[in-house]
Amino acid sequence: MKLPTLSLNHHLTTPFLHNATTFSPSRSSRVSNGGPFAVRMSLKEDGPSVAIVGVTGAVGQEFLSVLTDRDFPYRSLKLLASKRSAGKTLTYENRDYTVEELTESSFDDVDIALFSAGGSISKKFGPIAVDKGTIVVDNSSAFRMDDGIPLVIPEVNPEAMAGIKLNSGKGALIANPNCSTIICLMAATPLHRRAKVTRMVVSTYQAASGAGAAAMEELELQTREVLEGKKPTCQIFNQQYAFNLFSHNAPVLSNGYNEEEMKLVKETRKIWNDKNVKVTATCIRVPVMRAHAESVNLQFETPLDEAAAREILSKAPGVVVIDDRAANKFPTPLEVSNKDDVAVGRIRQDVSQDGNYGLDIFVCGDQIRKGAALNAIQIAELLLKI
């Protein structure tokens with residue numbers, strides 16, 4: 001029997017380093033102008049000095065791609081990783097860079113540091129960078145719920161960054177929300193602004209990328225193994241992932257929710273500056289490579305019909321509406337992979353509620369892109385404008 005050939009078009013477009021010693025980002029369909037890729041030099045003398053912490057990871061490599069795609073200006077670029085990765089050479093925008101070991105002296109003369117190396121690294125080195133006058137944009141959960149640390153989605157609450165200024169000599173920490181929170185609130189917030197959400201019920205269908213590069217590789221490996229009749233390799237998760245789905249692998253808390261679910265609850269309240277909004281979530285890991293999907297039920301304080309909601313979402317920045325009932329065409333993870341925009345569809349009135357006080361929507365977004373790297377660099381872009 002001939003086995004089908006796997007087509008993994010939703011895999012990362014930037015290669016993981018591992019044993020390789022060079023990296024060259026490729027432009028893909030992620031950008032809306034659709035033009036052919038051409039290396040565009042973002043090196044500018046009047047730009048900020050930038051450091052990337054965790055550059056060899058999935059999000060670290062996506063940082064580089066997003067910097068190129070958005071022509072983010074920088075006068076210098078420092079690539080930082082663990083001692084194990086130090087010494088590797090990366091080719092980026094026609095220049096060779098040597099990956100440096102992350103140390104306490106890494107942030108001398110660094111204006112902006114993009115962190116994606118895990119919470120423990122952020123907790124140790126984030127404050128050190130701030131003390132040196134660096135503005136840290138952190139992708140981990142280390143500081144998200146700390147008082148005084150802004151938790152920012154640029155399209156949602158840029159005002160949270162008020163008082164943080166580049167080149168002021170004063171460092172600061174800015175937290176990137178969790179990927180599922182970003183993707184959800186990109187769609188829910190425009191509706192919240194119109195009709196005020198009082199309760200939100202979210203079910204997430206989360207991709208392998210949320211667990212890192214190793215999980216993505218294991219999903220691909222397991223898929224091949226299962227198709228070949230072999231026992232799947234289960235090193236990242238303690239169960240088969242390919243052709244399966246299961247409750248999110250985050251630790252389960254005493255209230256029965258897992259940490260991923262409670263992140264969505266708590267982060268929504270902080271970002272919306274509303275301690276009273278009711279949020280509940282169920283988070284599921286599904287065998288998709290790099291884009292999350294979410295089913296979101298919204299209950300409003302004032303009526304909002306589906307036609308108005310569709311119009312609001314069609315005009316929302318960073319959102320694209322895919323909602324063709326006749327063709328049964330709605331957002332899919334594959335369709336949004338490597339794309340900047342969050343896609344919204346299945347926009348419909350909640351028939352379990354009287355009047356127009358409830359809506360159901362379905363949302364998909366690239367977890368590595370808008371759910372992590374793009375959001376962080378958009379925060380950095382805001383710093384250039386302040």
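The analysis underlying the following values was restricted to heavy atoms, covering all of them including side chains, and did not include hydrogens, waters or symmetry mates. Nothing fancy with the numbering, it's 1 onward along the sequence.
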Ion pair check, [X] and [Y], cut-off under 4.0 Å:
X: Glu220; Y: Arg224; result: yes
X: Asp341; Y: Lys370; result: no
X: Glu101; Y: Lys88; result: no
X: Arg369; Y: Asp340; result: yes

So, [X] versus [Y]: side-chain donor-acceptor pair below 3.5 Å or not?
X: Thr223; Y: Tyr241; result: no
X: Asp305; Y: Gln349; result: no
X: Tyr257; Y: Thr280; result: yes
X: Thr68; Y: Glu93; result: yes
X: Glu225; Y: Thr233; result: yes
X: Asp109; Y: Ser49; result: no
X: Ser337; Y: Asp366; result: no
X: Glu301; Y: Thr198; result: no
X: Asn297; Y: Asp350; result: yes
X: Gln206; Y: Glu294; result: no

*Decide whether a cation-pi geometry holds between Arg346 and Phe330; the criteria are a distance under 6.0 Å from NZ or CZ to the six-membered ring centre and an angle within 45° of the ring axis.*
yes
Any donor-acceptor N/O pair, [X] side chain to [Y] backbone, under 3.5 Å:
X: Asn176; Y: Ala372; value: yes
X: Glu267; Y: Asn178; value: yes
X: His292; Y: Ala207; value: yes
X: Gln367; Y: Gly210; value: yes
X: Glu218; Y: Ile236; value: yes
X: Glu62; Y: Ala373; value: no
X: Arg194; Y: Pro190; value: no
X: Arg75; Y: Gly47; value: yes
X: Thr134; Y: Val136; value: no
X: Thr189; Y: His192; value: no

*Asp354 atom CG: more than 12 heavy-atom contacts under 6.0 Å*: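 No, not enclosed.
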*Looking at the rings of Phe237 and Phe246, which for Trp means the six-membered one, are their centres under 6.0 Å apart?*
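Phe237 vs Phe246: aromatic centres under 6.0 Å.
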*Drop me the distance from Ile135's CD1 to Leu114's CG, to the nearest 0.5 angstrom.*
11.5 Å
*asked:* As an exercise, state the distance from NZ of Lys278 to OG1 of Thr268, rounded to the nearest 0.5 Å.
replied: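 Output value for this atom pair is 15.5 Å.
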Identify whether [X] and [Y] are in the same connected component of the hydrophobic contact network (ILVMFWY, side-chain heavy atoms under 4.5 Å).
X: Leu191; Y: Ile322; result: no
X: Leu334; Y: Ile183; result: no
X: Met289; Y: Val336; result: no
X: Ile361; Y: Ile182; result: yes
X: Met161; Y: Val156; result: no

Within a strict 4.5 Å, meaning less than it, do heavy atoms of the [X] and [Y] side chains meet?
X: Thr282; Y: Val202; value: no
X: Glu381; Y: Phe72; value: yes
X: Val55; Y: Leu80; value: no
X: Ser120; Y: Phe125; value: no
X: Val53; Y: Ser116; value: no
X: Arg70; Y: Leu374; value: yes
X: Ile379; Y: Pro154; value: yes
X: Leu383; Y: Ile174; value: yes

*Run the side-chain contact (heavy atoms from CB on, under 4.5 Å) check on Asn258 and Leu253 step by step: do they pass?*
CA-CA 5 Å; Asn258 62 44; Leu253 306 174; 6.0 Å; no
*asked:* Name the residue from Arg310, Lys329, Arg348 that meets the salt bridge (Lys or Arg N to Asp or Glu O under 4.0 Å) definition with Asp323.
replied: Arg310
_Before you tell me yes or no, could you show the steps for Leu185 and Ile271 under side-chain contact (heavy atoms from CB on, under 4.5 Å), namely the whole-Å CA-CA distance, both residues' side-chain angles and the distance that decides it to 0.1 Å?_
CA-CA 9 Å; Leu185 296 192; Ile271 292 167; 3.9 Å; yes
*Can Leu313 and Val344 be said to form a side-chain contact (heavy atoms from CB on, under 4.5 Å), step by step?*
CA-CA 8 Å; Leu313 291 168; Val344 186; 3.8 Å; yes
*Closest heavy-atom contact between Ile368 and Arg290?*
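Between these two residues, the closest heavy atoms are CB-NH2, 3.7 Å.
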*Parallel, tilted or perpendicular for Phe115 and Phe107, by the 30°/60° rule?*
parallel
